[in-house]
There are 2 protein chains.
Amino acid sequence: MKRIAESTVRRLSLYLSFLEGIDRQGLKTISSDELARLGGTTSAQVRKDLSLFGSFGKRGLGYSVPELSGKLREILGLGKQWRVCIIGAGKIGAALARYRGFAERGFNVTAVYDSDEAKIGKRWENLTVRPISELEKDATKQDFDIAVVATPAENTPAVAKQVVRAGIKAILNFAPVQLSVPSDVTVRNVNMAMELEGLSFALSNRGE
Amino acid sequence: MKRIAESTVRRLSLYLSFLEGIDRQGLKTISSDELARLGGTTSAQVRKDLSLFGSFGKRGLGYSVPELSGKLREILGLGKQWRVCIIGAGKIGAALARYRGFAERGFNVTAVYDSDEAKIGKRWENLTVRPISELEKDATKQDFDIAVVATPAENTPAVAKQVVRAGIKAILNFAPVQLSVPSDVTVRNVNMAMELEGLSFALSNRGE
DNA sequence: ATTAGTTTGTGAACTAATTCACAAGCGCCA
DNA sequence: TGGCGCTTGTGAATTAGTTCACAAACTAAT
Ligand SMILES: NC(=O)c1ccc[n+]([C@@H]2O[C@H](COP(=O)([O-])OP(=O)(O)OC[C@H]3O[C@@H](n4cnc5c(N)ncnc54)[C@H](O)[C@@H]3O)[C@@H](O)[C@H]2O)c1
Ligand SMILES: NC(=O)c1ccc[n+]([C@@H]2O[C@H](COP(=O)([O-])OP(=O)(O)OC[C@H]3O[C@@H](n4cnc5c(N)ncnc54)[C@H](O)[C@@H]3O)[C@@H](O)[C@H]2O)c1
């Protein structure tokens with residue numbers, strides 16, 4: 001299969017969320033044009049994105065909402081349940097662990113780790129905070145798919161090393177540092193300071 | 001000035017954070033090549049990004065770390081202090097309000113809003129949660145620059161309308177919905193479900 | 001003062017992503 | 001059955017973004 005751009009994957013994810021809304025409204029079909037309007041893009045873009053994976057629509061009619069949802073879920077790998085661990089039982093970790101939106105999409109938080117003695121052993125929702133030193137051992141049994149890393153920036157490179165050693169192949173990183181990992185490990189960064197700086201730039205350069 | 005791509009702004013932001021690290025290490029100059037290695041890009045990219053705004057380096061030497069930091073801060077509009085309000089005093093809102101990393105970069109959270117009677121009036125750090133209905137009135141006095149929106153998806157379009165009516169020109173949106181706002185308002189989305197789906201896609205399509 | 005060794009800044013070349021534009025397919029109706 | 005209105009799927013054209021490649025500028029060493 002040809003290489004798919006990250007921007008394409010982001011849009012697919014967006015289309016899926018729109019389709020779920022449309023489905024709740026009870027509509028049966030949708031055109032590339034409507035999908036484009038919802039996503040702030042063009043109908044050609046929508047059709048091109050989808051055409052990378054097959055042809056799912058009916059000419060003259062559009063796309064069947066449930067069918068396209070299903071295809072997108074399949075493309076995005078949402079058919080299975082993913083096992084997620086959260087590392088760093090702090091403020092962000094707490095918000096994420098308690099967020100129901102993830103499980104709804106098949107991302108199940110099955111463990112939380114921290115290095116702080118004061119936090120280890122505490123109950124967190126239906127989980128107990130475990131010592132980070134046990135991550136590697138636990139991983140052989142639990143087989144985590146994704147690690148969500150929410151530790152202080154200075155410790156995060158070391159944490160990433162442990163995650164890699166534990167054999168986890170995907171990391172969602174909230175610390176404002178660039179992680180260096182082997183090429184078979186995928187990292188996505190959520191860097192809020194960077195987003196705010198993007199807004200700052202936009203505010204500072206309006207009308208130029 | 002010519003249009004600057006969002007990807008460029010993200011990289012500038014990244015360079016700045018590297019420069020701050022380098023500065024703490026006490027190094028005085030850095031080459032485009034080293035900066036590129038830190039950011040996982042190429043030296044030509046670094047130089048091209050910077051050349052969009054001027055020429056800040058010395059041939060044969062590289063860039064002065066404090067000078068380039070200063071220039072980047074200026075470019076990104078980090079010279080001033082920004083007034084930020086958080087809307088939605090829930091799990092994510094709480095994590096953000098308590099995060100010190102923002103103020104360090106000039107983003108000062110000066111108010112928190114919610115619609116829940118049970119939360120209104122409560123103290124949050126050095127702030128008191130205010131009723132969202134007062135946002136518009138408060139904005140005329142406080143003159144917020146940026147609204148961080150962390151409300152449930154279903155209420156968020158309405159919240160965005162209120163933010164726009166309050167005259168705020170930049171929104172950082174955490175709800176998994178696409179906001180439609182006038183063209184003079186800039187929106188950045190942080191959509192964690194989308195990031196996880198990106199990882200899911202990567203895990204599902206390795207080696208193809 | 002000259003030379004050797006670096007590293008910038010930037011047009012030109014290239015690659016990737018988006019948009020155009022239209023033939024072809026489908027449903028509906030007469 | 002044929003024609004009309006609509007919408008897809010996709011090569012071609014265009015636009016945007018990245019990388020190449022090299023002259024120019026600077027330091028340090030002799
Ligand atoms: N709080 C926010 O709103 C926010 C916003 C943007 C970015 N971030 C980033 O997210 C990360 C976490 O932020 P936070 O506010 O939740 O911090 P926090 O201090 O509340 O939590 C960090 C947790 O990580 C744990 N920890 C430290 N070292 C560890 C290690 N080696 N292994 C395992 N656990 C370890 C700490 O014990 C603590 O419980 C930071 O990198 C921060 O910059 C946070
Ligand atoms: N918690 C997470 O880790 C997480 C992760 C990803 C995305 N999100 C998204 O962030 C948003 C907030 O999530 P959360 O977990 O903090 O939810 P939450 O329920 O803890 O908090 C939401 C808050 O918004 C308030 N609110 C509701 N309607 C409002 C209105 N019209 N005006 C002002 N305030 C209003 C509620 O009273 C509540 O205090 C949601 O859209 C969620 O999907 C959260």
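Each chain gets a letter, A, B and so on, in the order the sequences are listed, and its residues count up from 1.
The base-pairing partner of dT30(D), taking Watson-Crick or G-U wobble contacts with both distances under 3.5 Å, is dA1(C).
If you check every strand for non-hydrogen atoms under 4.0 Å, S43(A) touches nothing. A5(A) comes within 4.0 angstrom of sugar-phosphate atoms only, judged by non-hydrogen atoms across all strands, and of no base.
Whole-Å rounding puts the R3(B) CZ to dT15(D) P distance at 15 Å. The CZ-P distance, from R10(A) to dA17(C), rounds to 14 Å in whole Å. When rounded to the nearest whole Å, the span between CG of L68(A) and P of dT7(D) equals 16 Å. Atom CD of E34(B) and atom P of dT7(C) are 8 Å apart (whole Å). Between the CG atom of L50(B) and the P atom of dT18(D) there is a distance of 14 Å, rounded to whole Å. Distance, L61(A) CG to dG9(D) P: 11 Å, rounded to whole Å. Atom C1' of nucleotide dG17(D) and atom CG of D49(B) are separated by 10 Å, given to the nearest angstrom. We find that NZ of K48(B) is positioned 15 Å from P of dC22(D), with the value rounded to whole Å.
Using a 4.0 Å cut-off, some side-chain N or O of S55(B) falls inside it from OP1 or OP2 of dG9(C). For dC6(D), neither phosphate oxygen OP1 nor OP2 lies less than 4.0 angstrom from any side-chain nitrogen or oxygen of Y63(A). Close to dT8(D), at under 4.0 Å from its OP1 or OP2, lies a side-chain N or O of S32(A). Contact annotation: R11(A) side-chain N/O to dT18(C) OP1/OP2 distance is under 4.0 Å.
A donor-acceptor contact shorter than 3.5 Å links the side chain of T156(A) to the backbone of P152(A).
A salt bridge does not link E67(A) to K28(A): none of the charged side-chain nitrogens sits closer than 4.0 Å to a carboxylate oxygen.
For R59(A) and dT8(D), a side-chain-to-base donor-acceptor distance below 3.5 Å is present, hydrogens and geometry of angles not being considered.
In summary, the aromatic rings of F102(A) and Y99(A) are positioned with their centroids under 6.0 Å apart.
For S7(B), taking side-chain heavy atoms from C-beta onward, the closest of the listed nucleotides dT8(D), dC20(D), dT18(D) is dT18(D).
Nearest-nucleotide positions on DNA chain C place A44(A) closer to the 5' end than the other of A44(A) and K58(A). Residue whose closest nucleotide on DNA chain C sits further toward the 5' end, between G57(B) and T8(A): G57(B).
The aromatic rings of Y113(B) and F144(B) sit perpendicular, their planes meeting at an angle over 60°, well past the 30° parallel limit.
Taken from CG in L12(A) to CG in L50(A), the straight-line distance is 6.5 Å, to the nearest 0.5 Å.
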